[in-house]
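All of these numbers come straight from a predicted model, not from anything done at the bench.
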Amino acid sequence: MSTTANGSYEYLKNTVLTAPPEQLHMMLLDGAIRFTLRGIDSLSHKDIEGAFNAFERAQRIVIQMSDGLRREVNPALVDQMAALYHFIYRRLVDANMLRDCKPAEEALQILRHQRETWQLVIQKLAEASGPPAVTAPAPAAASAATPGAAQPGLSIQV
């Protein structure tokens, strides 16, 4: 691994390890959106292998988000979120199997809406907690949003 790549990995690792749960969830949403877009782009360029890989990574991220739900916090809300994540996951699988952008675009629309909603939640949390804490922004290509890079036992409360 080159020095630059190692430095980027360390930065990303530190960002993930020090980020609050709401920021980690935002990173997962960003990753799911990024890989869904990459899958759609790959399909439009007839790159079946690229589309498969991108959709598969987006699917793993959605599974990670679903696994982070804590039913004991709010069972009714968690059940609704689990159903939504299951729907997104199925649409990504359908896009992959059928090699069709439409199901992926449906999943993308929901993921983007979730991101907008989550951004509002983060803003409300910041307003409620007083002056904003200084945190390092996540890099644009944060691959830590993939489940393989997440820390075991890490869960997001919804």
Side-chain angles (χ1 to χ4, degrees), residues 8 11-12 15-16 19-129 132 135-152 154-158:
S8 295
Y11 172 79
L12 190 55
T15 300
V16 170
E22 61 273 8
Q23 189 61 38
L24 290 173
H25 189 76
M26 182 66 81
M27 292 169 72
L28 289 172
L29 285 167
D30 287 342
I33 290 168
R34 183 175 61 252
F35 288 115
T36 301
L37 284 169
R38 189 177 295 170
I40 291 169
D41 186 58
S42 294
L43 273 182
S44 68
H45 288 95
K46 307 294 184 216
D47 177 10
I48 303 305
E49 183 178 355
F52 172 83
N53 291 331
F55 287 141
E56 195 265 337
R57 286 188 75 178
Q59 290 165 24
R60 287 189 299 163
I61 293 169
V62 172
I63 288 171
Q64 184 72 27
M65 290 189 297
S66 181
D67 287 348
L69 296 173
R70 294 185 49 203
R71 195 164 194 283
E72 68 274 7
V73 174
N74 186 336
L77 178 61
V78 168
D79 289 347
Q80 290 175 355
M81 291 304 298
L84 185 64
Y85 290 145
H86 180 74
F87 178 79
I88 294 168
Y89 178 84
R90 283 298 317 158
R91 297 314 289 158
L92 291 169
V93 168
D94 290 345
N96 220 350
M97 289 177 45
L98 302 173
R99 298 180 181 153
D100 183 6
C101 291
K102 187 173 188 231
E105 289 166 353
E106 292 172 5
L108 181 62
Q109 181 180 2
I110 296 168
L111 288 167
R112 284 180 168 158
H113 185 266
Q114 285 291 303
R115 189 188 190 289
E116 290 172 15
T117 303
W118 204 251
Q119 186 64 46
L120 291 173
V121 168
I122 290 173
Q123 288 172 357
K124 292 290 183 187
L125 286 173
E127 291 170 7
S129 67
T135 58
S143 63
T146 60
Q151 297 299 316
L154 186 64
S155 66
I156 307 293
Q157 290 185 349
V158 176

Next item on the list: To the nearest 0.5 angstrom, please state how far the CG atom of Leu92 sits from the CZ atom of Phe87.
Entry: 10.0 Å
Notebook entry, point to check: CE/Met81 to CZ/Arg70 distance, rounded to the nearest 0.5 angstrom?
Noted result: 15.5 Å
Notebook entry, point to check: Does the side chain of Arg38 come within less than 4.5 Å of Phe35's, by heavy atoms?
Noted result: yes
Next item on the list: Could you grab the distance from atom CZ of Arg91 to atom CD1 of Ile88, nearest 0.5 Å is fine?
Entry: 11.5 Å
Margin query: If you count every heavy atom of other residues, nucleotides or ligands that lies below 6.0 Å from Gln109 atom CD, does the total exceed 12?
Written below: no
Note to self: Show, in sequence, the C-alpha distance, side-chain angles and deciding distance for Leu37 and Leu108, and conclude whether the side chain to side chain contact (heavy atoms under 4.5 Å, CB included) test is met.
What the structure shows: CA-CA 8 Å; Leu37 284 169; Leu108 181 62; 3.4 Å; yes
Next item on the list: Dump the intermediate steps for side chain to side chain contact (heavy atoms under 4.5 Å, CB included) on Arg115 and Ile33, then the final yes or no.
Entry: CA-CA 9 Å; Arg115 189 188 190 289; Ile33 290 168; 3.9 Å; yes
Notebook entry, point to check: Would you say Arg71 and Asp79 make side-chain contact, with heavy atoms under 4.5 Å?
Noted result: yes
Margin query: Is the shortest side-chain heavy-atom distance between Asp94 and Arg90 below 4.5 Å?
Written below: yes
Item checked: Nearest-0.5 Å distance that lies between atom CZ in Phe55 and atom CD1 in Ile40 -> 5.5 Å
Item checked: Residues Glu56, Arg60: salt bridge by 4.0 Å N-O rule -> yes
Note to self: Determine whether Met65 and Val62 satisfy the following criterion, side chain to side chain contact (heavy atoms under 4.5 Å, CB included), listing intermediate values before the conclusion.
What the structure shows: CA-CA 5 Å; Met65 290 189 297; Val62 172; 4.1 Å; yes
Item checked: Spatial distance of atom CG (Leu111) from atom CD (Glu106) [nearest 0.5 Å] -> 12.0 Å
Item checked: Neighbour count >12 (heavy atoms, 6.0 Å) for atom CD, Glu72 -> yes
Next item on the list: Would you indicate whether the side-chain heavy atoms of Gln114 and Leu84 approach each other to under 4.5 Å?
Entry: yes
Margin query: So, taking the atom named CD in Gln119 and the one named CE in Met26, what distance separates them when rounded to the nearest 0.5 Å?
Written below: 4.0 Å
